[in-house]
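No hydrogens, no waters, no symmetry mates; every other heavy atom, side chains included, goes into these values. If you're wondering where the values come from, they're calculated on a predicted model, not measured in any experiment.
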Amino acid sequence: MRAHLARVDAVLVQALIAAALSFAHIHDVAMAAGQDGWKAWAYPISVDLLLVAAWRRLRSGTAKAAAWCWFVIALTASLGANVATAGLLDMTDVPAWLRILVAGWPAVAFLGGTLLAHTAPKTATEENGTELIEDPEHEPEATPDPPVQPAIESMPPTPPVPVPVALVDHARKVAAEHHTRTGTPIDTPTLRARLGVPAPLAEAIAAQL
């Protein structure tokens, strides 16, 4: 844990040193190009903000081409100032093209920051050109599903149940007794209960009554 904290602290210190030096170099170039006072301090701030905005768009994973473009532009401005102040540029006699670049930088930074911060990132389907736009006022009518036709299975014919003649005679007596007592013909469930036979056999007997 302590080793991890030490590594993180070292990275943070190094980042702070690099940011401070780059900040000072951009300030010095802006001063040499005629941007004095608070304007010279605003230049390094705009460069760092554009770097942060481009880096955040890169981390989001969307519109990487535009993010890389603005990241390279901001990084070039920062590195250019570092190199220019390393003795390659006469700070007392800045060329006209550098004055033009410094004067036009605020508009470039504003454009890049606005596009990076206020442009909605595209989804994966939009980038592939396959996004479906749904209009709630013009929803397609649902097509009813065709009725499902029940499958007609060919069942083998049920063989007739053999019924003993004596059992049929006994069933007739039971049916006659039921009709005399209730005044209605006996039904198959009652006949089955009275005879104590399986359902197929009771149906076969009832068919012969």
Side-chain angles (χ1 to χ4, degrees), residues 1-140:
M1 183 65 180
R2 292 180 178 178
H4 178 70
L5 290 177
R7 183 169 63 252
V8 172
D9 291 343
V11 172
L12 289 178
V13 171
Q14 183 68 21
L16 289 175
I17 293 175
L21 291 175
S22 179
F23 195 93
H25 291 161
I26 298 174
H27 169 268
D28 294 343
V29 171
M31 283 283 295
Q35 306 295 329
D36 55 352
W38 65 270
K39 293 181 289 185
W41 293 108
Y43 275 85
I45 295 175
S46 68
V47 173
D48 290 345
L49 288 179
L50 186 59
L51 278 172
V52 172
W55 178 247
R56 292 193 56 166
R57 179 55 64 89
L58 286 173
R59 292 289 300 274
S60 68
T62 56
K64 287 189 175 182
W68 273 116
C69 177
W70 289 108
F71 184 83
V72 170
I73 291 175
L75 187 62
T76 302
S78 179
L79 291 177
N82 295 339
V83 174
T85 55
L88 299 180
L89 178 67
D90 185 2
M91 303 298 288
T92 61
D93 187 14
V94 177
W97 61 266
L98 182 58
R99 293 178 180 271
I100 295 174
L101 288 179
V102 172
W105 172 256
V108 175
F110 175 77
L111 176 63
T114 302
L115 292 177
L116 291 173
H118 297 287
T119 301
K122 293 184 178 180
T123 61
T125 53
E126 288 177 333
E127 292 180 354
N128 295 333
T130 58
E131 184 184 20
L132 297 179
I133 302 176
E134 296 182 359
D135 188 354
E137 297 182 356
H138 299 85
E139 295 182 355

Trainee: Less than 4.5 Å apart, side chain to side chain, heavy atoms only: is that true for Val108 and Trp70?
Mentor: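 Yes, their side chains come closer than 4.5 Å.
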Trainee: Is Trp41 close to His27 at the side-chain level, that is, under 4.5 Å between some pair of heavy atoms?
Mentor: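 A side-chain contact under 4.5 Å exists here.
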Trainee: Where do Lys64 and Leu58 come nearest, in terms of heavy atoms and distance?
Mentor: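 Result for this residue pair: O-CD2, 3.9 Å.
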Trainee: State the CG-OG1 distance between Leu101 and Thr76, to the nearest 0.5 angstrom.
Mentor: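 Rounded to the nearest 0.5 Å, the CG-OG1 separation comes to 11.5 Å.
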Trainee: Write down the atom of Arg99, the atom of Gly34, and the distance for their closest heavy-atom approach.
Mentor: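 In terms of heavy atoms, the two residues are closest at NH1-N, 4.1 Å.
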Trainee: I'd like to know if the side chain of Arg57 reaches the main chain of Leu116, judged simply by a donor and an acceptor atom lying under 3.5 Å from each other, with no hydrogens or angles considered.
Mentor: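 Between the backbone of Leu116 and the side chain of Arg57 there is a qualifying donor-acceptor contact (under 3.5 Å).
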Trainee: Closest heavy-atom contact between Val94 and Ala32?
Mentor: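 Residues Val94 and Ala32, closest heavy atoms: CG2-O, 3.3 Å.
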Trainee: Rounded at 0.5 Å granularity, tell me how far CH2 in Trp55 sits from CG in Leu75.
Mentor: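 The CG atom of Leu75 is 11.5 Å from CH2 of Trp55, to the nearest 0.5 Å.
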Trainee: In Å, rounded to the nearest 0.5 Å, how long is the span from CH2 of Trp68 to CD1 of Ile73?
Mentor: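 Going from the CH2 atom of Trp68 to the CD1 atom of Ile73 covers 13.5 Å.
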Trainee: Within the 4.5 Å heavy-atom criterion, are Leu50 and Trp105 side-chain neighbours or not?
Mentor: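 Leu50 reaches Trp105 side chain to side chain.
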Trainee: Testing the basics here: between Ala103 and Tyr43, what is the closest heavy-atom pair and its distance to 0.1 Å?
Mentor: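 Looking at all heavy atoms of both residues, the closest pair is CA-OH, 3.9 Å.
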Trainee: Report, as yes or no, whether the 6.0 Å neighbourhood of atom CZ on Arg56 holds more than 12 heavy atoms from other residues, nucleotides or ligands.
Mentor: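 Not buried by this count: 12 neighbours or fewer within 6.0 Å.
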Trainee: Identify the heavy atoms of Val47 and Ala74 that sit nearest to each other, and give their distance.
Mentor: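 Result for this residue pair: CG1-O, 3.6 Å.
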Trainee: Taking all non-hydrogen atoms of both residues into account, name the closest pair between Ala109 and Ser46 and its distance.
Mentor: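 Looking at all heavy atoms of both residues, the closest pair is CB-CB, 4.2 Å.
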